[in-house]
Enquirer: 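A single structure is presented below for examination.
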Amino acid sequence: MGDLIQIVVAKYNYWIYITLMMIGLYAMIAKNNLVKKIVGMNIFQTAIILFYVSTGAKRGATIPILEHGHGEHGAGAHVVHAVDYINPLPHVLMLTAIVVAVATLGVALALAIRVYNRYDTLEEDEILAKIREK
Amino acid sequence: MSQQYPALLVIVPLLSALVISAAGWINKRLCFPIAVAALGVAAYSSIGLLLRVLDEGAIVYRLGGWDPPMGIAYYVDHLNGLVLAVVSVVAFLNLIASKKSIELELPDKTAPFYALYVLQVTGLLGIVATGDAFNLYVLLEITALSGYAMLAMGKDRAQLSTLNYLYMGTIGACFYLLGVGYLYIVTGSLNMVDIANILPSLYESKAVLGAFIICLVGVWVKMAFFPLHAWLPNAYTHGPSAASSLIAPLVTKVMIYVMIRLILTVFTPEFAFNILAISKPIVWLACIAIFMGAILALAERNLKKMLTYIIVAEVGYMVGGAWLGNRAGMTGAILHIVNDALMTLCAFLVVSNIAYKLKGYAFDDIKGLVRKMPFTMGALVIGALSIIGVPPTCGFFSKWYLISGAIQASQYAFMVALLFSSLVNVVLFFRVIEICYYEPFSDDGAHGHGPPSEPMAEAPLTMLVPLFIVAAGLVLVGIYTGDIVNKIIEFAIPQGIV
Amino acid sequence: METMISIKPLLAVLVSLLITPILVSSRAPNVREAWTFVAAVAKFLIVLSMLPTIMKGTEIVYTVAEFLPGAAIKFRVDALGMLFALVSSSLWIITSAYSIGYMRGLKEHSQTRYFVFFAFALSATVGVAFSANLLTMYLFYEMLSLATYPLVTHHQDHEARSSGRKYLLYIVGTSIGLALPAMLISYNLAGTLEFGKQGFLAGTASKPLIGLLLFMFLFGFAKAAIMPFHSWLPAAMVAPTPVSALLHAVAVVKVGVFSVVRVLTGVFGTDLLFSLDFGPVILLVASATILIGSFIALSQDGLKRLLAYSTIAQLSYIVLGVGLLSPKGITGGMVHIAMHAFGKITLFFCAGAIFVATGKKNISEMVGIGRRMPVTMAAFFIASLSIIGMPPCGGFVSKWYLVLGSLEAHQMPILYVLLFSSLLNAAYFMPIVYRAFFCRPEEAMFENTVQEAPPFCVVPLVITAVISVILLFYPQPFFNLASMMVQQITGT
Amino acid sequence: MKIIGLIIALSTGVLLICATGDFPRWADPASPASTHLSPHFIEKTMEETSVPNIVTAVLADYRGYDTMYETAVIFTAGLACFILLRIFVKEEPGDRLYRHLLTGVTVRVKEGTKLPPSEDFERIDATWTPPDLIIKTICRFLIPFIQLFALYVIAHGHHSPGGGFQGGVILGASIILLAISQDLRTSVRRMREKLDAVLCAVGVIIYAGTGALCLLLGLNFLDYSALASVLHCDPVTARSHGILIVEIGVGIAVMCTMIWIYNNVSSIGKYDEGL
């Protein structure tokens, strides 16, 4: 039991993101309401963003913006040590992923509006029933 | 200039898509020529690129001038050189063929549609060319978003099915992204070749296994591999003709390419086939996919929807072929990417011709098609023969390699599944041909002289000519299969796979 | 064995394909028919021009495209292929003439389609004859199946539709379901598909596997109409008579038998079959087909259906000849390809001529027809003699060699099968002829106004009947080719 | 469906949890992610691109290609919302309502007739509600500052957290705030649909065009050091400037796309009063 707690604590970031991801995935599959599915999708994507960003963390390091940054480059520049700054790459990647998530959300909402206009409901079973009636 | 082909291939369409979108606000008639020019350049440079690859071997293009693990690089070898050429040519032909149908189906939104079309092609080309695992994800999303938008412009329940596609597509892409994240944590790299170099020491790692599985499942969702296929038929059926005839031939095929790339380059065949013992179950899954695709297609009374189920079965062909783990199977899978793209394009162009001239493409609507649209019908027959796998059309030859691979790997179930699906395809297509040929019936005595001839109502030339080119391509690719295999695919498969 | 590279085989195949655009685009029936004739004659001449080379023992080879080592699209003309190509291309000329008479006589619809697919079918037939390997043969085999589908369903009514389904189901179903995998397995065993003198499977697989492959090939080429995959043939008789005549008496079924023979000799090799003792199996299947086919023929009233069952039985003679695995038997089987072709096509022509002139299809309605159509029925008589295997007709030669072969192979039961089936043949043909000529005037079912069919119909059937007779006295072209082939196989 | 969903979600979770077994501990400085590529970025950025904000440098230069497509993705989304929702009906049949701004009198105009062009009248929907005065005034007051801040965020992306995306979103939000606090017609008057849509494309064109310019100047696509000859500076500074140019492009594209998406979604493509 103690071991398990140790494992969980050492990697708690992953446990949190996976829990969130499972919630999102479950909502996407099991929810009947199309907008709730979109919400689930967003939770899912956010969980992944959380996961990536958490991998960038580095104990004892600060945000990846160089001090004394202004001006000089080349020979006169300050020596920079990698251990002092956290990993910038996941942040960059997640900036992209956030944008993608927003874009997907926009399109999903637009589609949901179209569906609502057509069927007057956002409940999937009702929509399917209406389609079957025709 | 030939040094810059890899960039031109993707940049020209991207820039043109933007220009089209802007030009649409000024003069709508500008959009189509720009799109044609852009895809023409893309097709030209992709073919030029393929020829260069044949001469010089793999080409690395450093975007931004940064060396690969730091920056993003395009890595074009024989495998993606071939796929690039197919994608750009298919997109180009379909664009020309679709002009009229876009104008008919979406009269006031041609400009954004062309822009999305070209963006979609950009995304597909980028996916194929890129050598960076994360870049692939971004391009995947461009492809997906433009695809959703185009498919949702259809009639009936298009929006609903596209929304379902969006959910599934997002899950697939997110799974892939997760897989890349896992790989990044254990390797620290995003470049495919770099990852492959680091991985051998990590083959035992659970993280790599997890990354592989989650990537694979993500890609399977995107390609509609059997139990994950539910989004595909409706989304493709209800979309506008131009969109489905672009997306149906290309998207699933490009996703197959991604899977093969993951197997061959990122995780290496050694890992995928030897260390993981999952080839057999996956081939079994592929068999089920083929069976189910075929059976579901049989139940359809709508030509376009029937074709979508055939796509589901064809995805099974390629996944199974790739996972047979031998050279013949892999050759078959790669060859089938080319062939299936052309075959599906041919079939969907026929559907869009039908949709252009007739009320719809349900079996009831296409009665007597032979007399109304004889040329379209002829192309449908050629496409059907290729999908069935009759020599000398190209479909036969990829099936040949796939079955050879199945025999060599002693996966007889896969062989049976392939033959079963061929037979079902015979039934499917000859049913269609019968309907087009006999109905409506006229039983004027024992000596039926056929129904009274109806006036011919053939689709316009701009739709027919690309269709004929594709139909001829099916036969030509079949005849030159030997060259394609010996000069391109041979080099695309690493020596390690026997 | 010398070989020679020449484009002639490809030309022979393509010549009928090349005219199809002209056929499609031509509006006038005369132009269309003229071009069909030109192509038919050209094809025959090209085939004929290769004959001397082949007789000298040289083989003509031409590779179109190689897509796998040992599995190219490749032509090779040897004695066996030459024999078959000669038969089919010469009969195309005659059938073209007959088609014109028949189609015009009945004012058939969609004649363009008819002639186009006929041309396709002939290309495929010659393609099969000249194939150098299993792949090429399969290619043309499938092409033939598909090209004949529109011909079978020419009438476009319910009956044609269901027959067309049956036709495709049997032919394409077996070729994809049995022949294709058998071909692939063979390729993976031997690494080649090239027909060899003594096959290429020897020493590559165990007896059960060879047996399985034999089964798959034998039934996979369902055009050979070996029971139980025979019932497409009677169904396909809904087609117009020239189609039945050329395709279902000559081209299609012979392609099936030819393919079986090629596979038995070129893939398995007679030595392999002999050493593994598979000869009797083939003989059993063939004999069963012969006898059952003949019995069913006895009970038929529809003339074309009777001829169809007769064809089923006769085709198995050829398989039987090869199954004997003795030189004389094989020779007999090969020659039977030619003899049966000329005999059976005459019979079909006659059936068609009767239909054109009187509209009658059933035997029971043909009492006394010999008096109204004496030429037709005389030809019918001669041709049925040929099929039965009696002098003065060519059929006698092939049957004689089959009998000799069965003696040579010490297969006495086969001898009885041959004799008994000849008896059956006589039993179903002779009553027709008898009732056609010898009946009381009040029994005759025809008005005096009934005339012979148009000359386009009658002349071809007279020609083929005459050739049937000539072949008894001058069987050399076919006979020599057959014996050459046997020499090549046995090496003696 | 619920049970299937539960099973799928749980099995995915279990798979992913198991796979984390071999991960390095959280925030471990010795993890491969922190030792393989990132040291190069951290230590060389200043030297190679002259940008102190490493995230900006990696975003717009090392992985600038990703970012270009990221901008393209957002553009695609805008285009997608537009094509899906926009309705180009000339005018719905029925009477139109106009409100006299000074008096608040509503005028109903019969179908087919037109109001004389005048600044005093504003078109309104049947469901029009007057905007709250406090909200309206405060928002009008805030918007310029928000926009100013946005420009700062874009321009200062080299040295502090920020950049084109962040700035663009803030800019877009300012216009959207206008639309929310008053109505959509007001914001569309400030930012016409056509201008907005064209600017969307222009933003991405600035990015991709900069890349293409590098290509035309003889180096690889997006290799900003090629701009040195145009900008008259050394290649490293040219990279820094190149990043600024593309960040501006990103800012424009993101701003306009945000507005575009909002306009289409909030008015369901009718471009009326909006929410």
Side-chain angles (χ1 to χ4, degrees), chain B residues 328 331 335 370-371 374 378 381 384-385 388-394 396-397 399-408 412 415-416 418-423 425-427 430-431 433-435 437-439 441-451 453 478-486, chain C residues 24 63-69 71-73 106-110 113 127 135-143 145-146 149-150 153-162 164-165 167-169 171-181 183-189 193 238 240 355 359 361:
Chain B
T331 309
L335 190 60
V370 164
R371 285 171 293 280
V381 170
L385 294 183
I388 294 168
V390 177
T393 53
C394 57
F396 172 78
F397 296 100
K399 214 166 263 183
W400 172 281
Y401 278 103
L402 289 171
I403 297 179
S404 281
I407 293 171
Q408 283 168 23
Y412 292 102
M415 181 179 91
V416 172
L418 285 171
L419 294 171
F420 173 78
S421 135
S422 305
L423 287 176
N425 286 344
V426 173
V427 175
F430 274 89
R431 189 171 60 175
I433 290 170
E434 267 187 0
I435 289 168
Y437 182 52
Y438 295 106
E439 295 184 9
F441 274 118
S442 70
D443 281 325
D444 51 351
H447 218 58
H449 279 238
S453 59
I479 290 174
Y480 290 102
T481 301
D483 288 336
I484 295 174
V485 170
N486 292 332
Chain C
V24 172
T63 308
V64 180
E66 176 136 16
F67 97 101
L68 265 182
I73 294 175
L106 290 175
K107 300 191 177 57
E108 282 280 355
H109 63 106
S110 316
R113 184 179 75 208
L135 178 73
T136 318
M137 195 169 90
Y138 180 82
L139 187 160
F140 286 108
Y141 183 91
E142 288 287 24
M143 183 175 151
S145 317
L146 298 168
Y149 172 77
T153 58
H154 184 82
H155 293 315
Q156 290 182 236
D157 51 13
H158 275 292
E159 196 193 357
R161 181 176 177 164
S162 59
R165 277 186 191 166
Y167 181 73
L168 266 190
L169 185 74
I171 301 278
V172 180
T174 49
S175 70
I176 291 181
L178 294 172
L180 178 64
M183 177 163 77
L184 275 152
I185 294 171
S186 313
Y187 181 71
N188 277 293
L189 289 175
L193 287 173
V238 296
F355 181 70
K361 286 177 172 173

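Labels below follow one simple rule: chain letters A, B, ... track the order of the sequence lines, proteins then strands, and each chain is numbered from 1.
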Enquirer: Report the option among C/V64, C/T153, C/I73 that has the most heavy-atom pairs separated by less than 4.5 Å from atoms of chain B.
Expert: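 Among C/V64, C/T153, C/I73, the one with the most close pairs to chain B is C/T153.
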Enquirer: Look only at the side chain of C/T136 and the backbone of C/A72, and say whether a donor-acceptor pair between them is shorter than 3.5 Å.
Expert: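 Checked: pair present.
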Enquirer: Give, for atom CZ of C/R165 and atom OH of C/Y149, the distance between the pair rounded to the nearest 0.5 Å.
Expert: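 Going from CZ on C/R165 over to OH on C/Y149, the span is 8.0 Å.
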Enquirer: Quick check against the 3.5 Å criterion: does B/K399 have a side-chain atom that pairs as donor or acceptor with the backbone of B/L419?
Expert: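 Not a single qualifying donor-acceptor pair exists.
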Enquirer: Output the option from B/N486, B/T481, B/I407, B/I484 having the highest count of non-hydrogen pairs under 4.5 Å with chain C.
Expert: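 Looking at each of B/N486, B/T481, B/I407, B/I484 in turn, B/I407 comes out on top.
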Enquirer: What part of C/Y141 lies closer than 4.5 angstrom to a heavy atom of chain B: side chain, backbone, both or neither?
Expert: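 For C/Y141, no heavy atom lies under 4.5 Å from chain B.
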Enquirer: To the closest 0.5 Å, what do you measure between CG (C/L180) and OG1 (C/T174)?
Expert: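 One gets 11.5 Å once the value is rounded to the nearest 0.5 Å.
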Enquirer: Heavy-atom distances under 4.5 Å only: say whether C/L146 touches chain B with side chain, backbone, both or neither.
Expert: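 Just the side chain, heavy atoms under 4.5 Å.
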Enquirer: Please classify the contact of C/L184 with chain B as side chain, backbone, both or neither, using a heavy-atom distance under 4.5 Å.
Expert: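 Interface part for C/L184: both.
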Enquirer: Hey, can you tell me if C/Y138 and B/F396 have their rings parallel, tilted or perpendicular (30° and 60° cut-offs)?
Expert: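 Plane angle under 30°, so parallel.
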Enquirer: What part of B/F420 gets closer than 4.5 Å to chain C, counting heavy atoms only: side chain, backbone, both or neither?
Expert: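 Contact with chain C: none, neither part.
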Enquirer: With a 4.5 angstrom heavy-atom cut-off, could you sort out which part of C/S145 is near chain B: side chain, backbone, both or neither?
Expert: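 The answer is neither part of C/S145.
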Enquirer: Sort C/L168 into side chain, backbone, both or neither according to what part of it lies under 4.5 angstrom from a heavy atom of chain B.
Expert: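 Side chain only.
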Enquirer: Checking side chain to side chain contact (heavy atoms under 4.5 Å, CB included) for the pair B/V390/C/M143: CA distance, chi angles, key distance, verdict?
Expert: CA-CA 8 Å; B/V390 177; C/M143 183 175 151; over 6 Å; no
